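The structure appears right after this line, and notes come after that.
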Protein chains: 2
Amino acid sequence: MLTGTQRKEEILAVSQRLFREQGYDSTSMRDIAGALGMEPASLYSHIKSKEDLLSQTCFDMAEKFLLAIDEVNDIYFDAEQKVKMAVANHVDILTSNLDAAVVFIREWRHLSEPSFSEFIKLRNKYEEGIREIVETGISENKFNEVDKKFAALTILSSVNWIVEWYRPDGDKTPKEIAEELTRFILTGLKKDSIL
Amino acid sequence: MLTGTQRKEEILAVSQRLFREQGYDSTSMRDIAGALGMEPASLYSHIKSKEDLLSQTCFDMAEKFLLAIDEVNDIYFDAEQKVKMAVANHVDILTSNLDAAVVFIREWRHLSEPSFSEFIKLRNKYEEGIREIVETGISENKFNEVDKKFAALTILSSVNWIVEWYRPDGDKTPKEIAEELTRFILTGLKKDSIL
DNA sequence: AAATTTGCCTAACGAATGTTCGTATGTTAA
DNA sequence: TTAACATACGAACATTCGTTAGGCAAATTT
């Protein structure tokens, strides 16, 4: 019992879609079962609990993000390249796992302890990875002297917001989005001017 | 019946705090009543429904933001000053109504029709106000040629994210936050360099 | 002093929630 | 052929949910 990789993946995918559309609390096990054409009780042949669906999604996504940022910071690049690569990776992970990404960003608050604290740890670790990049840029004298924590959070928020408007059939590819966002993060709105 | 401005304000404030801490769905009328030292049924002497608490908060905040952006766009400033003022106003509204602001940003999805659609309209109107500022800058040849919608969303996301980490007793005043954020939006991370 | 309103109460409602239990069916392995 | 297992089922559970009905005492108004 409690095995079944294939059916479980289906359940997970459907739960991610519904959690994204309606939120975790507003999605009932009956909703999930209904979308799969099965009875609510049958779900429990595959999963332990409703929160299991949430935590699996949150931690799977966290792992993807952490792997990506470590890769960026391990390979030597200058800070500008690091930003470019980190944003590209982040956008790629978001856009190729849209449902799960939204759950990761929005619904993690509904995790109960100890998952809740564990998740925040991973999240902070990722944030630290971004901060490290900003730090590199400052110490290389390539970036302005900014509050590193502040900058990291601002970068993350603008990248994460993508999931609110990105549509796979829209007129911007993930690659284009990443490029535009990188440019914004690096140079802002203002036109270069000779002072 | 259903009057009582003072007690109603208390109920509203408590509901905003709880909606912020636990989310709309996870907050029960019993939670709200309990925090006020009263019985759940007594709430209904003051309010019509649970959703009333949510919609009142969402629309009150929307009005504040819309008033602020209209003010900025009415008064003539150059684009850079407009950005500065819009960000300052936005940060001010957020930080002086933290609980309500978080509800406004996070929980509006739980509005039901027709409030839901009505809210989105107001939200788009505000977004358009920001877009207008970007447009001004571009046509004045002060801002880079960027996708206006994209830029507006990116600005809004970074400003809104403040509520996730701002603490009234922290080491940054709202004014400082607004200044730092404005600088980031205008010039980005990269140090000015003579090419 | 009488009448009305306000604010809150107790009690209860029907509906929806996550989950468990015992069971039945088909599939795979010994 | 039999044993084990995977997958699903119907029924039911204890709770919790938002909300309503009706009443009672204090405050306010007439």
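Because the structure is predicted, anything quoted here is derived from the model rather than measured. Throughout, a chain's letter reflects where its sequence line sits, starting with A, and its residues are numbered from 1.
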Query raised in the report: For A/Ile32 and C/dT19, what is the distance between atoms CD1 and C1' respectively, to the nearest whole Å?
Result: 13 Å
Query raised in the report: Are B/Lys125 and B/Glu128 ion-paired here, with the side-chain N under 4.0 Å from a carboxylate O?
Result: no
Query raised in the report: To the nearest angstrom, how far is B/Ile11 atom CD1 from D/dG18 atom C1'?
Result: 15 Å
Requested in this report: Please identify each residue that fulfils side-chain hydrogen bond (donor to acceptor under 3.5 Å, both in side chains) with A/Lys82, with sequence neighbours left out.
Outcome: A/Asn73
**Report entry** Phosphate OP1/OP2 of C/dC8: any B/His46 side-chain N/O under 4.0 Å
**Finding:** yes
**Report entry** Sorted by number, the residues of residues 49-58 of chain B with heavy-atom contact under 4.0 Å to DNA chain D
**Finding:** B/Ser49, B/Lys50
Requested in this report: Answer with yes or no after comparing the ring centroid distance for A/Phe19 and A/His110 against a 6.0 Å cut-off, counting only values under it.
Outcome: no
**Report entry** Atom-pair distance (NZ on B/Lys8; C1' on C/dT6), nearest Å
**Finding:** 15 Å
Query raised in the report: Tell me, which pairs form a salt bridge (Lys or Arg N to Asp or Glu O under 4.0 Å) where one or both residues lie in residues 21-39 of chain B, sequence neighbours left out?
Result: B/Arg17-B/Glu21
**Report entry** Counterpart residues, side-chain contact (heavy atoms from CB on, under 4.5 Å), relative to B/Arg123 (two or more places apart)
**Finding:** A/Trp161, B/Trp108, B/Phe119
Query raised in the report: Is the cationic atom of A/Lys64 (NZ for Lys, CZ for Arg) positioned less than 6.0 Å from the six-membered ring centroid of A/Phe104 and within 45 degrees of its normal?
Result: no
Query - Whole-Å gap separating P (C/dA16) and CG (A/Asp31) - result: 11 Å
**Report entry** B/Gln22 CD to D/dC17 C1', straight-line distance once rounded to whole Å
**Finding:** 14 Å
Report, one pair per line, the protein and nucleotides 9-12 of chain D atoms (nitrogen or oxygen only) whose separation is under 3.5 Å.
from, atom 1, to, atom 2, distance (Å)
D/dC9, OP2, A/Glu39, N, 2.7
D/dC9, OP2, A/Ser42, OG, 2.6
D/dG10, OP2, A/Glu39, OE2, 3.4

Query - Gap between atoms CD and P, on B/Gln6 and D/dA27 respectively (whole Å) - result: 15 Å
Query - Atom-to-atom span, CD of A/Glu10 to C1' of D/dA8 - whole angstrom - result: 14 Å
Requested in this report: For A/Thr27, report the nucleic acid contact type (base, sugar-phosphate, nothing); a contact means any heavy atom under 4.0 Å.
Outcome: sugar-phosphate
Report task. Using whole Å, report how far OH of A/Tyr44 lies from C1' of D/dC13. Result -> 13 Å
Report task. Tell me, please, which residues at least two apart from A/Glu113 pass side-chain hydrogen bond (donor to acceptor under 3.5 Å, both in side chains). Result -> A/Ser117
Requested in this report: Mark yes when over 12 heavy atoms from residues, nucleotides or ligands other than A/Asp171 sit less than 6.0 Å from its CG; otherwise mark no.
Outcome: no
**Report entry** Centroid-centroid under 6.0 Å between A/Phe184 and B/Phe150 rings
**Finding:** no
